[in-house]
Protein chains: 2
Amino acid sequence: MDSSIKKERPRGRLSREMIEDAAFEVIEREGLAGFSMRKLAADLGCEAMSIYHHFPSQAHLHEALVDRLIGSLEMPDAGLPWRQRMHIAMHDFRRIGREHPAFAPFLVTYRMNSPTCLTWLSDILGLFEAGGFGPELSARLFRTVGYYLMGAILDETAGYAKGPSAATTVSDEQLARDFPNVAAAGRYFGAAEFDRTFDLGLDMLLDEMERALGGANSR
Amino acid sequence: MDSSIKKERPRGRLSREMIEDAAFEVIEREGLAGFSMRKLAADLGCEAMSIYHHFPSQAHLHEALVDRLIGSLEMPDAGLPWRQRMHIAMHDFRRIGREHPAFAPFLVTYRMNSPTCLTWLSDILGLFEAGGFGPELSARLFRTVGYYLMGAILDETAGYAKGPSAATTVSDEQLARDFPNVAAAGRYFGAAEFDRTFDLGLDMLLDEMERALGGANSR
DNA sequence: AAAATGAACCTTACAGTGTAAGTTGTCAAG
DNA sequence: CTTGACAACTTACACTGTAAGGTTCATTTT
């Protein structure tokens, strides 16, 4: 058996899909800032520059990862009520963020303009419009839930994105003494409460949207 | 007028405040990713390593910038009604983000745990509690508006944070043809609509919170 | 005045980064 | 077998954060 250190991998066996798969792994293992083309290459058993044959730059690779994630999303069953469909779509997006916590900051910061992403965006806008909102309100409400979603994903994945704060941190004792209400709130800030907290805010927004719809209809 | 490239600057004239001021400038000029200790030093007229006498690392410096911004926030007048105070506090935070658009991604991603930041966080939590919410709901509603705020700031400053997308972009014609509803929504996604859109979502959340309060009181 | 102290700043060096440019290896078509 | 095309590798460059150690200068002590 061949015993070279690098995995035996004949030429011509590198593909975009393989590279993307490995990139997700390296990012989650090393963190987004710790990711590099050389580490990715080491994972793939090739040299860094070989990757450039498939992606013209690291930025292109990162954007391809976004495309992969967004492209994997499916719109909820059109037979369901509007509110339920919106609820599902929001949870779907949140899920792909949480499944790739180290990549999540890039995902939510990225300004979508690829066909794949625009399709998703268009579908979500269409969901609002199908719910009875006009073009303007659909756009603004999309932003509203989008903002909420972005912030939630960032918070819920923040523990993975960067290590502990470098600068002065406040000890638990000092926190309990000087900021008792923050210490008390900490109980509801933990990962165990993410689902409940997320749904609270999401339902508040959806409640208010339905109210706006009902008000317009009954008027 | 003196035209030396580096500012004349006798020893002992470097201070944390000066460095922070220059760092804000360099970050806004070069972008967060384009920022470096050497560029900062060039701006200050010193060598890169001199900065390490005042900040032990770049991360410490960045966190000091967050502290500066958060520390500059003042709580709204306690005599005002609860809802108005919350509205002002949210707009204040949004303002410091928008005043430093390139730095905003770090600001909103940063997990606050310095005394300065904890003081602000405690004050906001106190604002909910003063409004009549118990500890648990105060914590969860803080998260809710916090998520919304983070997302809004990220979106509103995204144009400054990074250059145009590196990968395939969809042309305006293609957008109008293949994604007409997205193209139509673009009208409401521009900077001119930021204020109106932000207030729409914020007011929805505050409406819903007041409703929760009223419901609890009238029950 | 002279010497000592210590902070403030600079110089050098290293391991790491993205990626441009040029080179090599491999396989398929002629 | 030769030729071509292309995938992968090698080298090189300009840049990064920062560790280690050297230099300069204001202040304090003698």
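Naming: A, B, ... by sequence-line order, numbering from 1 per chain.
For B:K39, the side-chain atoms get nearest to D:dT16 when compared with the rest of D:dT18, C:dT19, D:dT16. Relative to the side chain of B:S36, the nucleotides D:dG17, D:dA20, D:dA8 differ in distance, and D:dG17 lies closest. The side chain of A:L14 lies closest to D:dA8 when the candidates are C:dC10, D:dT16, D:dA8. With distances taken from any side-chain atom of A:E47 to the nucleotides D:dA8, D:dC9, C:dT12, the minimum falls on D:dC9. When the nucleotides D:dT10, C:dG18, C:dC9 are ranked by their closest atom to the side chain of B:H54, C:dC9 comes out on top.
Regarding B:I19, its CD1 atom lies at a distance of 11 Å from the C1' atom of C:dC9, rounded to whole Å. In this structure, B:Q58 atom CD and C:dT17 atom C1' are separated by 14 Å, rounded to whole Å. For the pair B:F35 CZ and C:dT17 C1', the interatomic distance rounds to 17 Å; values are reported in whole Å. To the nearest angstrom, P of C:dG16 lies 12 Å from CD of A:E30. The interatomic distance linking B:M49 (CE) with C:dC14 (P) rounds to 15 Å, in whole Å. A:M37 has its CE atom 16 Å from the C1' atom of D:dT10, to the nearest Å. Remark: P of D:dA7 and CZ of A:R16 are 13 Å apart, rounded to the nearest angstrom.
OP1 and OP2 of C:dC10 both lie 4.0 Å or more from every side-chain N or O belonging to B:H53. The phosphate of D:dA7 (OP1 or OP2) has no side-chain N or O of A:S50 nearer than 4.0 angstrom.
A donor-acceptor contact under 3.5 Å links the side chain of A:R38 to the base of C:dG18.
Across B:R85, B:Q84, B:H91, a single residue satisfies side chain to side chain donor-acceptor pair (under 3.5 Å) together with B:H87, and that is B:H91. Screening B:L149, B:V108, B:T109 for a side chain to side chain contact (heavy atoms under 4.5 Å, CB included) with B:L154, the sole residue that qualifies is B:V108.
Distance check, rounded to the nearest 0.5 Å: CG of A:D155 to CZ of B:R111 gives 5.0 Å.
A donor-acceptor contact shorter than 3.5 Å links the side chain of A:R16 to the backbone of A:H54.
In this structure, A:R94 is positioned above the aromatic face of A:F198, its NZ or CZ under 6.0 Å from the six-membered ring centre and within 45° of the axis.
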